[in-house]
J.: 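What follows is a single structure, and I will ask about it in a moment.
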Protein chains: 2
Amino acid sequence: MGRMVALCRRRGVPVTAQRRAVLRALAGRRDHPTAERIHAAAAARLPGMTLATVYRVLAALERLGVARRVAHDGTGARFEIAEGAHHHLVCLSCGRILDLRDPALEALALPAPRAAGFHVQEVSIQFRGLCRPCRRKQPARERRRR
Amino acid sequence: MGRMVALCRRRGVPVTAQRRAVLRALAGRRDHPTAERIHAAAAARLPGMTLATVYRVLAALERLGVARRVAHDGTGARFEIAEGAHHHLVCLSCGRILDLRDPALEALALPAPRAAGFHVQEVSIQFRGLCRPCRRKQPARERRRR
DNA sequence: TTGTATGCAAAAGGTTTGCAATGAT
DNA sequence: ATCATTGCAAACCTTTTGCATACAA
């Protein structure tokens, strides 16, 4: 939070109540909420706040490097606080995205592919499978659906 | 292609001209096209084909295990032929997704996280950065935008 | 013949934008 | 005072769906 304020000051962009609210809504969660969920949480503290504003604020926070849009294969973008490199566990059944911070993985030296002149800036690993709740529900049959 | 036909027969689902067309459009490309691009390509061979059908066919191909929806952080899903495990190079500037097949990466034993009872089924690594064309265009400033 | 797939058009998300008013610095 | 941001509502884009028809097996 202080981080965002500092970054805003430095870049001369206004620190609004909406930006605080969205950041707070995002910082409080570990489940990579959708814009709509963020809106719900933020609007609870700041009634009257629009979903459109949430999208604009998220874009602003991304520009500041405070928030990040995570890669997924479902519908509706997911967001997270951008702090440190980490990887994701993605549930194929419910779409939930969990953080995975594993020193062993960080230590791992991934071969940096120079394929076709591509210049790598970030690496992120996605482990897809079933989260515990879904694993219990499904007897191990059928798969996927948002 | 023969693979899809065989799978269809086995499961008793019809092999239609549209399914062939979409599969052909997808098999011919290495750039993980959006549904709309696939539609354009498929409709060239099969005039009158609808975008709605492309979506339904893609869903069917996914069910058959012939096509796959790839994770991304932009708007509009991207698709690929599902053959063998491989990883992706994602361009932060133009959104292009390139395949990366690296034996060294396959050989790499990734620590399988049993975090919170999560059951891993697939692993995919995303290398994000700039593809060669974008790297030339941009003097290394600004970032992102579909 | 039977059941699924397709075309068409409409609906349902999710995300963006123009404009006037509001607010931060 | 000045310029970016917000609310509101409409526009946009992507994806899904109902229904009658067409088609594969």
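These numbers were taken from a predicted model, which means no experiment stands behind them. Below, read A as the first sequence line, B as the second, and so on, with proteins coming before strands; counting in each chain starts at 1.
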J.: Any salt bridge linking E62(B) with R68(B)? Criterion: basic side-chain nitrogen under 4.0 Å from a carboxylate oxygen.
T.: no
J.: Can you tell me how far P of dA24(C) sits from CE of M4(A), to the nearest Å?
T.: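 Whole-Å distance recorded here is 12 Å.
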J.: For a quick test of reading the model, state the closest non-hydrogen atom pair linking C131(A) to C94(A) and the distance between them.
T.: SG-SG, 3.9 Å
J.: If you take any heavy atom closer than 4.0 Å to DNA chain D, which residues from residues 7-18 of chain A end up in contact?
T.: P14(A), T16(A), Q18(A)
J.: Nearest whole Å is fine: how far is dT6(C) P from R20(B) CZ?
T.: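 The distance from CZ of R20(B) to P of dT6(C) comes to 13 Å, rounded to the nearest Å.
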J.: When you compare the side chains of H88(A) and E80(A), does any donor N or O come within less than 3.5 Å of an acceptor on the partner?
T.: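 The answer is yes; a qualifying pair exists.
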J.: Measure from the side-chain N and O atoms of R135(A) to the backbone N and O of G117(B), and report whether any donor-acceptor pair falls under 3.5 Å.
T.: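 Confirmed, R135(A) side chain pairs with G117(B) backbone.
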J.: Please check if atom CZ in R3(B) has more than 12 non-hydrogen atoms from other residues, nucleotides or ligands closer than 6.0 Å.
T.: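 Yes, the 6.0 Å shell around CZ holds more than 12 heavy atoms from other groups.
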J.: Atom CZ of R63(B) to atom P of dT4(C): distance rounded to whole Å?
T.: 11 Å
J.: Roughly how far, to the nearest 0.5 Å, is CG of L89(B) from CZ of F127(B)?
T.: 7.0 Å
J.: Between P on dT14(D) and NE2 on H72(B), what's the gap in Å once rounded to a whole number?
T.: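 Checked: the NE2 to P distance equals 12 Å.
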J.: R56(B) has a side chain; which of dG7(D), dT15(C), dG18(D) sits nearest to it?
T.: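 Side chain of R56(B) sits closest to dG18(D).
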J.: Rounded off to whole Å, could you give me the OH-to-C1' distance for the Y55(A) and dC8(D) pair?
T.: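 Those two atoms, OH and C1', are 16 Å apart.
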J.: Kindly state which residues belonging to residues 45-53 of chain B come within less than 4.0 angstrom of DNA chain D, counting heavy atoms of the residue only, listed by number.
T.: L51(B), A52(B)
J.: Any luck finding a side-chain donor-acceptor pair between D99(A) and H32(A) under 3.5 Å?
T.: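 Short answer, yes.
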J.: Measure NE2/H39(A) against P/dG13(C) and give the value in whole Å, please.
T.: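 Checked: the NE2 to P distance equals 17 Å.
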J.: If hydrophobic clusters are built by linking Ile, Leu, Val, Met, Phe, Trp and Tyr wherever their side-chain heavy atoms come under 4.5 Å apart, do I81(B) and V57(B) end up in the same one?
T.: yes
J.: Tell me the closest heavy-atom pair linking M49(A) and Q18(A), and the distance in Å.
T.: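 Smallest interatomic distance, heavy atoms only, reads CE-CB, 3.6 Å.
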J.: Return the 5'-most residue of the pair F79(A), R19(B) with respect to DNA chain C, ranking by each residue's nearest nucleotide.
T.: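 Result of the comparison: R19(B).
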J.: Roughly how many Å is it from CG in L64(A) to P in dA4(D), rounded to a whole number?
T.: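 Rounded to the whole Å, the gap is 15 Å.
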J.: Whole Å only: how far is the CZ atom of R37(A) from the P atom of dG14(C)?
T.: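 After rounding, the gap between these two atoms is 11 Å.
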